[in-house]
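So the structure is just underneath, and the comments pick up after that.
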Amino acid sequence: MTAPEKIPSDLVADWNTLHRVFIRPEDEKSRQTLVKYMEQILFGLHDFLNTHVGVTEAIPLATLAESYTDTRINKDPEKKLADVIKDIINEIAPKAVNVASPYFIGHMTSAIPFFMVHLKAIAAALNQNLIKLETSKVLSVLEKQVLAKMHRMIFDKPPTFYDTHVQNVDTSLGLFTNGGTTANITALWVARNLCLPPTEHFLGVEKDGMAAALKAHDLDRLVVLVSERGHFSLKKAGGILGIGNRNIIAVEVDENHQVDMAKLTRLVEKFSQDKKTQIVAIVGIAGATETGSIDPLPRMAALCKKHRIHFHVDAAWGGPVLLSEKFSSLLTGIQAADSVTIDCHKQFYMPMSAGMVYFKDPKVLDQIAYHAGYVNRKGSVDLGIKTLEGSREASSLILDSALKIMGSRGYGLMIDHGIETTRLFAQKIRDRALFQLVTDPVLNILTYRAVPAHLRQYLDAHLPQSRRQHLDACLDEINTHLQRIQREAGKSFVSRTCLKIRPGDSHTAVVLRSVIMNPYTTGETLDQILDEQEAILQTIEISDQGFYTP
Ligand SMILES: *Cc1c(COP(=O)(O)O)cnc(C)c1O
């Protein structure tokens with residue numbers, strides 16, 4: 001390959017510059033900078049993050065925002081690659097969030113194994129598009145194999161089932177998505193179409209739309225039932241699918257934050273008698289976003305079977321627990337689902353963004369099949385036929401490779417560490433007088449809150465309503481402050497959410513939420529985080545401390 005040797009010193013957009021930018025680093029300096037930083041990122045990810053990224057720098061967002069107000073696009077290049085990389089490393093990275101820190105235990109985004117960055121880079125370099133065979137070839141059949149592996153992990157059908165379907169061009173065991181949100185939307189999309197099938201003068205809801213569907217089936221309303229712990233992506237699905245997000249009905253939970261089966265059963269019976277209302281699906285949660293709780297899946301499955309309702313399990317978070325030899329039984333019942341969501345960028349420890357959805361019946365995705373003249377022709381293996389997304393990267397290659405590198409047991413060990421460390425954290429919280437454990441962990445998520453010593457005695461006391469409200473408000477304020485001060489200090493991070501502490505409580509309390517998935521988060525880390533919180537509590541002024549003292 002011949003390329004111009006002379007390197008212009010000025011930054012201009014012309015074919016010469018473009019040629020250099022397109023095919024390789026512009027010059028030797030760019031190349032060296034790229035190699036230096038890529039080496040750090042590819043081989044010393046942890047060192048790199050420790051040197052360049054704090055949990056978060058103490059710069060207020062408003063100040064940052066002031067530096068990002070230039071809305072013009074430059075006509076000519078502003079910078080050379082080497083300078084752009086240096087800027088990212090020096091200016092952007094330190095102001096990003098070090099989600100890889102063991103002290104970052106607030107969200108479902110965390111450290112990833114270093115090799116994930118290599119795999120992601122390879123996927124980017126190959127730049128395959130899984131929408132069609134013509135832009136992915138072997139990746140399409142590889143993807144079908146990974147989908148079958150995951151389907152088997154969930155549903156464990158007989159080997160002949162997988163022999164039949166693994167490379168069958170007419171059936172689909174599941175699909176890759178951008179994340180749990182699109183996975184949930186896809187599952188409810190299929191469920192909606194299944195419950196509004198064609199009739200004599202109606203071609204089905206996908207073709208004729210919702211107004212015609214309701215008329216053809218003599219219905220007023222569609223509903224989806226899920227516990228109040230359900231992820232808000234289900235509401236988006238309600239909006240997009242014409243169900244209406246108010247018809248994604250939040251069923252109350254019991255003291256374990258599992259759906260209250262008595263209430264769910266009553267609702268199902270009520271709607272079954274009401275001929276004008278159709279239940280599209282019941283959603284069971286395997287690892288609720290806020291509390292990590294798992295719904296009673298076998299009982300929900302039995303209820304769905306009895307009333308012939310689509311049973312979707314949202315295992316966006318909890319799905320990979322199936323790979324744990326110790327804890328997989330927590331998900332018993334998931335194999336009775338009709339569809340299951342699992343995220344890749346959560347407990348499969350993959351980089352952003354990838355999710356998956358699986359269907360027990362390999363024909364059911366025909367409900368959402370779309371064809372076009374130039375791609376996705378009938379009878380082709382094109383994986384874009386039955387996906388909400390159009391063009392799509394080879395996330396399946398990353399998952400397949402990671403499964404080879406880790407083995408199911410490797411993943412299982414990381415899952416076990418998270419669950420066991422979270423149980424240890426729960427014990428530490430119980431042992432400290434200044435804290436109250438709010439949700440006992442089932443998986444690796446728990447919630448708790450700070451309760452200063454002088455308020456503790458009132459927690460279970462019978463107080464007049466106004467004093468109870470005042471106590472609640474006081475505790476909310478303390479915990480909101482505590483979380484904010486710790487976050488802004490930038491050493492560690494727990495998140496915050498709002499929960500009814502006991503079923504039937506009228507007050508939704510502010511609680512601290514912790515998600516432990518970083519294999520380097522240990523008991524010692526957790527003690528340090530609690531110590532820091534206790535120190536912060538000492539400094540928080542409680543507005544009317546005298547109120548509760550006798
Ligand atoms: C994270 C999550 C989702 C949404 O997934 P995204 O990948 O963020 O779109 C859905 N359900 C549950 C239970 C989740 O934890």
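Both counts, for ligands and for their atoms, begin at 1 and track the order of listing. Everything numeric here is computed off the predicted structure, so don't read it as measured data.
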Please check whether D343 reaches ligand 1 - meaning an N/O of the residue sits under 3.5 Å from an N/O of the ligand, judged on distance alone. yes

Side-chain donor-acceptor contacts of residues 259-267 below 3.5 Å, not counting sequence neighbours, with atom names and distances?
from : atom 1 : to   : atom 2 : distance (Å)
D260 : OD1    : A262 : N      : 3.1
D260 : OD1    : K263 : N      : 3.2
K263 : NZ     : E252 : OE1    : 3.4
T265 : OG1    : M261 : O      : 2.6

Short N-O contact, E393 and K120, less than 4.0 angstrom: yes

Is the shortest side-chain N to carboxylate O distance from D254 to R502 below 4.0 Å? no

Just let me know how N184 lines up against ligand 1, side chain, backbone, both or neither, with a heavy-atom cut-off below 4.0 Å. side chain

Could you check atom 4 (C) of ligand 1 against the protein and tell me its nearest heavy-atom contact, residue, atom and distance included? H231 CE1, 3.3 Å

Contact between S233 and ligand 1, counting heavy atoms under 4.0 Å? yes

How are the rings of H107 and F493 set to each other: parallel, tilted or perpendicular (split at 30° and 60°)? tilted

If you measure from the Lys or Arg side-chain nitrogens to the Asp or Glu carboxylate oxygens, is any gap between R513 and E290 under 4.0 Å? no

Nearest protein heavy atom with distance in Å, relative to atom 1 (C) of ligand 1: K346 NZ, 1.3 Å

So which bit of T181 gets within less than 4.0 Å of ligand 1, heavy atoms only: side chain, backbone, both or neither? both

Enumerate, atom names and distances included, each donor-acceptor pair closer than 3.5 Å involving a side-chain atom of residues 229-239, sequence neighbours excluded.
from : atom 1 : to   : atom 2 : distance (Å)
R229 : NH1    : H257 : ND1    : 2.8
H231 : ND1    : S233 : N      : 2.9
H231 : ND1    : S233 : OG     : 2.7
S233 : OG     : N184 : ND2    : 3.1

What do you reckon, does M108 have a nitrogen or oxygen under 3.5 Å from a nitrogen or oxygen of ligand 1? no

Shortest protein heavy-atom distance from atom 11 (N) of ligand 1, along with the residue and atom involved: D314 OD2, 2.6 Å

Do any nitrogen or oxygen atoms of W317 come within less than 3.5 Å of a nitrogen or oxygen of ligand 1? no

